[in-house]
Number of protein chains: 2
Amino acid sequence: MKGYHMSIEATLEVIGGKWKCLILCHLETGTKRTSELKNLLPGITQKMLTQQLRDLEEDGLVIRNVYKQVPPKVEYRLSEYGKSISPILDAMCHWGKDHLEQAEKNRGHAKA
Amino acid sequence: MKGYHMSIEATLEVIGGKWKCLILCHLETGTKRTSELKNLLPGITQKMLTQQLRDLEEDGLVIRNVYKQVPPKVEYRLSEYGKSISPILDAMCHWGKDHLEQAEKNRGHAKA
DNA sequence: CCGTATCCGAAAAGATACTG
DNA sequence: CAGTATCTTTTCGGATACGG
């Protein structure tokens, strides 16, 4: 049992780090198999991908589905609980977009 | 110039890490001086606090105000731009609260 | 195809001491 | 009171090789 001082800390614990928000974003648009996610996340290693997915699974946000066949096929999708996090992701995506446009404009009339 | 694949990455760059969201949350409720923030953030060191505040200042989210006196007095507050990030913080706070309540219930009827 | 294990370097974070 | 500088520790992320 952890003692948080603010509830936002619980959120950070679940979606913090370099990759989890990105993964969740991609799963928002539908079920993906491992190799698809890897392609959608340039720069991620197999290890990090698996690791982050395990974390998300443990927290109940993501559901893992293994097809018993050779070669293996594994799919990931958002759980109902996982979908409840969409408002956060959407807000972050939206703000990020504005932020980039802002930065773009500022380059236009830079003083030097 | 960075090349992001998703706009959410820009957001993560700005508010990522262990402390920035917490700091912004506290500044949402009004101007705070350094020592106040330190008290509001149990576990943070002077170094981390200053460092994170500098980052936020550089990104234009926080405004730093130095009173020229002895002993020194420094206040921090959200800029207008900083306030635009509130929807994200609020969503995170809200979800975290629910998440903690959820975890609470699950402890009640754990299967083993 | 998917996942694990191991090793390694970089970066984050913490402790401490010092300055204006 | 606020901030800086330095050092150590810990964590995170990446490269690689291997296994089912």
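Just so we're clear, the structure is a prediction, and the values are computed from it rather than from any experiment. Numbered from 1 within each chain, the chains take letters A, B, ... in sequence-line order. As a basis for the values below, the full set of heavy atoms in this structure was taken, side chains included, without hydrogen atoms, waters or symmetry mates.
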Checklist entry - How close or far is atom P of C:dA13 from atom CD1 of B:I23, stated in whole angstroms? => result 11 Å
Checklist entry - Do A:L40 and A:L22 share a hydrophobic cluster (ILVMFWY, side-chain heavy atoms under 4.5 Å, transitive)? => result no
Item to check | Nearest-Å distance for atom pair NZ/C1', residues A:K68 and D:dG20 | outcome: 11 Å
Checklist entry - Given C:dC1, D:dC7, C:dG3, which nucleotide is nearest the side-chain atoms of A:P72? => result C:dC1
Item to check | N/O (side chain, B:Y76) to phosphate O (OP1/OP2, D:dG3) under 4.0 Å | outcome: yes
Next on the checklist: Tell me the interatomic distance from A:L37, atom CG, to C:dC2, atom P, rounded to whole angstroms.
Outcome noted: 10 Å
Checklist entry - CG of B:L53 versus C1' of D:dT4: gap in Å, rounded? => result 15 Å
Item to check | Shortest side-chain distance from A:T34, nucleotide among C:dG3, D:dA2, C:dG14 | outcome: C:dG3
Item to check | Most 5' of A:R33 and B:Q46 on DNA chain C, judged by nearest nucleotide | outcome: A:R33
Next on the checklist: OP1 or OP2 of D:dA2 versus the side-chain N and O atoms of B:K47: is any pair under 4.0 Å?
Outcome noted: no
Next on the checklist: Hydrophobic clustering (ILVMFWY, side-chain heavy atoms < 4.5 Å, transitive) - are B:Y67 and B:L53 grouped together?
Outcome noted: no
Next on the checklist: Is there a side-chain contact between A:R54 and the phosphate of C:dT4, meaning an N or O under 4.0 Å from OP1 or OP2?
Outcome noted: yes
Checklist entry - Cluster question for you: counting only ILVMFWY and a side-chain heavy-atom cut-off of under 4.5 Å, with indirect links fine, are B:L27 and B:Y81 together? => result yes
Checklist entry - Any side-chain N or O of A:S35 less than 4.0 Å from the OP1 or OP2 oxygen of C:dC2? => result yes
Checklist outcome for this item: With the side chain defined as heavy atoms from C-beta on, A:M48 is closest, among D:dC7, D:dG13, C:dG3, to D:dG13
Checklist entry - CG of A:L49 versus P of C:dC2: gap in Å, rounded? => result 10 Å
Item to check | Integer-rounded Å distance: C:dC2 P and A:N65 CG | outcome: 13 Å
Next on the checklist: Can you tell me if A:T45 touches the phosphate of D:dG13, counting only side-chain N or O atoms and a distance under 4.0 Å to OP1 or OP2?
Outcome noted: no
Next on the checklist: Between C1' on D:dG13 and CD on A:Q52, what's the gap in Å once rounded to a whole number?
Outcome noted: 9 Å
Checklist outcome for this item: Only residue of B:I88, B:D55, B:D59, B:I23 satisfying side-chain contact (heavy atoms from CB on, under 4.5 Å) with B:I15 is B:I88
Item to check | Along DNA chain C (nearest heavy atom to each residue), the more 5'-positioned of B:G17 and A:R64 | outcome: A:R64
Checklist entry - Quick check: are there more than 12 heavy atoms from other residues, nucleotides or ligands sitting under 6.0 Å from NZ of B:K38? => result no
Checklist entry - Within this structure, what is the NZ-to-P distance between B:K38 and D:dT4, rounded to whole angstrom? => result 13 Å
